[in-house]
Amino acid sequence: MFRTSDIVLITVMMAAAAFTYKTKHDAEASYKELGTIERQAQLEKDSIDILKADWSLLTQPARLQRLTETYKEELGLEPVEAPRIAEFSDLPERPLTIEGIVTDMAGADGGPDQTTTGAVRP
C-alpha cells in the first residue's frame, strides 16, 4: 500500500506543519508582549509628564512666596540674606591697557598678523 518514501514525506509534512504552528504561536506571544511593554512605556511617559507639570505648579515663585508668608510665623522663619565676601570698593584697581591686546594681535615682527582665517584675507 504505502511505500516507505510516502510515510517519510507525510512525517516531514506533519513536522513542518507543527514547526510552522509553533513559530506562529511564539511570534504572536512576542507581539502581545511587545504591545504590553509599549503600553507600559507610554504610561510611564505620561506619568513623567504629569509629575513635571505638578513640579512646575509646586515650585511657582508666587505660590512659594504665599506659603512663606503663611508659615513664617508658625515655624519661626526669617528671610535669608546672602552674605557678601567683599564689596566692590574692596577690589584692587587695575588700569585698562590697550598695549597688551595690540601686542597679542601683532605678528612676530611687530606688524599685523598675516594669519589667514576663513575666506577673508587682509
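The first residue in the sequence is number 1, and the count goes up from there.
The shortest non-hydrogen separation linking Leu64 to Leu58 is CD2-O, 3.7 Å.
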Run the side chain to side chain donor-acceptor pair (under 3.5 Å) test on Glu38 and Gln42 for me, step by step, so that the C-alpha distance in whole Å, both residues' side-chain angles and the decisive distance to 0.1 Å come before the verdict.
CA-CA 6 Å; Glu38 286 176 346; Gln42 186 60 43; over 6 Å; no

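Separating the CD1 atom in Ile10 from the CE atom in Met14 is a distance of 8.5 Å, to the nearest 0.5 Å. We find the CD-OG1 distance between Gln65 and Thr70 to be 9.5 Å, quoted to the nearest 0.5 Å. Summarising the geometry, atom CG belonging to Leu51 is positioned 9.5 Å from atom CD belonging to Glu44; distances are rounded to the nearest 0.5 Å. Rounding to the nearest 0.5 Å gives a distance of 10.0 Å between CG of Leu9 and CZ of Arg3. Within the model, atoms CD1 of Ile48 and CG of Leu43 stand 10.0 Å from one another, a figure rounded to the nearest 0.5 Å. Expressed to the nearest 0.5 Å, how far OH of Tyr31 lies from NZ of Lys24 amounts to 14.0 Å.
No side-chain heavy atom of Lys32 sits under 4.5 Å from any side-chain heavy atom of Glu28.
Clustering of Ile, Leu, Val, Met, Phe, Trp and Tyr by side-chain heavy atoms under 4.5 Å joins Val12 with Val8.
In this structure a side-chain-to-backbone donor-acceptor pair under 3.5 Å is missing from Ser56 to Lys52.
Under the 4.0 Å criterion applied to side-chain N and carboxylate O atoms, Lys22 and Asp26 are assigned as salt-bridge partners.
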